[in-house]
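Comments concern the structure below.
All values reported here derive from a predicted model rather than from experimental measurement.
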Amino acid sequence: MCYNAEAQTKASIKYAKHKSFDANIIKQLQLKLDLISYTPYYQVSGFAHPRILVFTDREPLEPKLFHWGLIPSWIKDEEGAKKIINQTLNARGETIYEKPAFRTSAKSKRCLVYLDAFYEHHHLNGKTFPFRIAMKDDSPMAIAGLWEEWANPKGSGEIISTFTIVTTVGNSIMAKVHNNPKAEGPRMPVIIPKDKQDEWLDIKADKEVIQSLIKPFDGSLLEYHTVGKILGKAAIGNKPEVENKVKYQEIDWV
DNA sequence: CCAGACGTTGTT
DNA sequence: GTCTGG
DNA sequence: CCAGACGTTGTT
DNA sequence: GTCTGG
């Protein structure tokens, strides 16, 4: 769950405003985005390992560009990194304090990823239909993430910073939309409500507090609709119109 | 002890 | 049907 | 996770 | 780095 995202900078700018940063800081954030030539992602696959803006617990006022797909610090070489990075796009919230790949990050390397939306597929009669899920009020979704730094021991010493998206049990909306017959139970990304976002980024927060934040988001605050193809040869690509509603004959409930 | 893994995903 | 690549 | 391949042979 | 399996 949650392998396809919309990550325009507008979500991060809204975050900055929510945090009551003064105009100067917001301006600096925009300058910084220009400086690093941030590409707005209207729709991007995690498997492409795009660099997305994240706010870390270490520097919550200094957003960073990290690659999607967490590479644990103990990975020994490029081959190992390539292998694991496609398997750590998501982290099961239930086990982040146990899994070797995530536990150090769970304790002290948490982050928030402000997404405008995420995409999932509905399965029907052997076909798939992409859905876009976003907040009804168009506010950014603060997605719980973990981050890590990796330097190839056999490399130049360059540090590659990466992140993963924490998932939890899916709510009723996900149960309806994301019905892959092969999966083991509805999952969804952890969305942190506004009043809890500082807690997720609090380095001093203990395990119990963090775990209490890992739960399904209120489905009544989310909207969803079918969109054009986002994967494969027929994919629309990274264009603004991917978020537009597209009606499918077979789906009569949206 | 050494070698190898270390991860994710809707059963309506 | 099942595996690999992204 | 979904999309696409899944095979062989002497060349373009 | 740390744990599990053999």
Value in whole Å for how far the [atom2] atom of [N] lies from [atom1] of [X]:
X	N	atom1	atom2	answer
I85(A)	dA5(B)	CD1	P	19 Å
Y97(A)	dT2(E)	OH	P	18 Å
K233(A)	dC2(D)	NZ	C1'	15 Å
H121(A)	dA3(D)	NE2	P	5 Å
F131(A)	dC2(D)	CZ	P	13 Å
K107(A)	dT2(E)	NZ	C1'	11 Å
N4(A)	dT9(B)	CG	C1'	13 Å
D77(A)	dC6(B)	CG	P	16 Å

Name the nucleic acid region contacted by [X], choosing base, sugar-phosphate or nothing; use a 4.0 angstrom heavy-atom cut-off, strictly under.
X	answer
G232(A)	sugar-phosphate
A101(A)	sugar-phosphate
K76(A)	base
K83(A)	nothing

Distance only, no hydrogens: is a donor on one side chain within 3.5 Å (strictly under) of an acceptor on the other, for [X] and [Y]?
X	Y	result
R92(A)	T167(A)	no
Q197(A)	E199(A)	no
H122(A)	N180(A)	no

Sticking with atom [atom1], work out how far [N] lies from [M], rounded to a whole angstrom.
N	M	atom1	value
dC1(D)	dT9(B)	P	9 Å
dG7(D)	dT4(C)	P	12 Å
dG6(C)	dT8(B)	P	22 Å

Taking 4.0 Å as the cut-off, does a side-chain nitrogen or oxygen of [X] come that near to OP1 or OP2 on [N]?
X	N	answer
R187(A)	dT8(B)	no
H123(A)	dC2(D)	yes
N180(A)	dC2(D)	yes
T167(A)	dT9(B)	yes
T128(A)	dA3(D)	yes

For DNA chain C, what string of dots and brackets results from 5' to 3' when Watson-Crick and G-U pairs need both distances under 3.5 Å, crossing pairs get [ ], and pairs with another strand get |? ||||||

Just so I know, are the side chains of I173(A) and Y224(A) near enough to count as touching, which here means a heavy-atom distance under 4.5 Å? yes

Surrounding CD of E208(A) (heavy atoms of other residues, nucleotides or ligands, distance under 6.0 Å), is the total greater than 12? yes

Donor-acceptor pair under 3.5 Å: do we get one between K82(A)'s side chain and the base of dG5(C)?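 Per atom types, no contact qualifies.
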
Taking the side chain of R92(A) as its heavy atoms from C-beta onward, which of dT2(E), dT8(B), dC6(B) lies nearest to it? dT8(B)

Please tell me which of the listed nucleotides, dT8(B), dC1(D), dA3(D), lies nearest to the side chain of L231(A)?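 Nearest to the side-chain atoms of L231(A), counting from C-beta on, is dA3(D).
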
Using the aromatic ring of F47(A) (for Trp, its six-membered ring), decide whether it stacks on the base of dC1(D) within the limits of 5.5 Å and 30°.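 Stacked: ring centres under 5.5 Å, planes under 30°.
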
Indicate, with yes or no, if the rings of F55(A) and Y114(A) have centres closer together than 6.0 Å. yes

What is the ring orientation for W68(A) with F163(A), classed by angle as parallel under 30°, tilted 30 to 60°, or perpendicular over 60°?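 The arrangement is parallel - the two ring planes meet at less than 30°.
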
Mark yes or no: K207(A) above the aromatic ring of Y97(A), with NZ or CZ under 6.0 Å from the six-membered ring centre and no more than 45 degrees from the axis.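 That pair qualifies as a cation-pi contact.
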
A cation-pi test, strictly: NZ or CZ of K176(A) under 6.0 Å from the centre of the six-membered ring of F131(A) and no more than 45 degrees from its axis. Yes or no? no

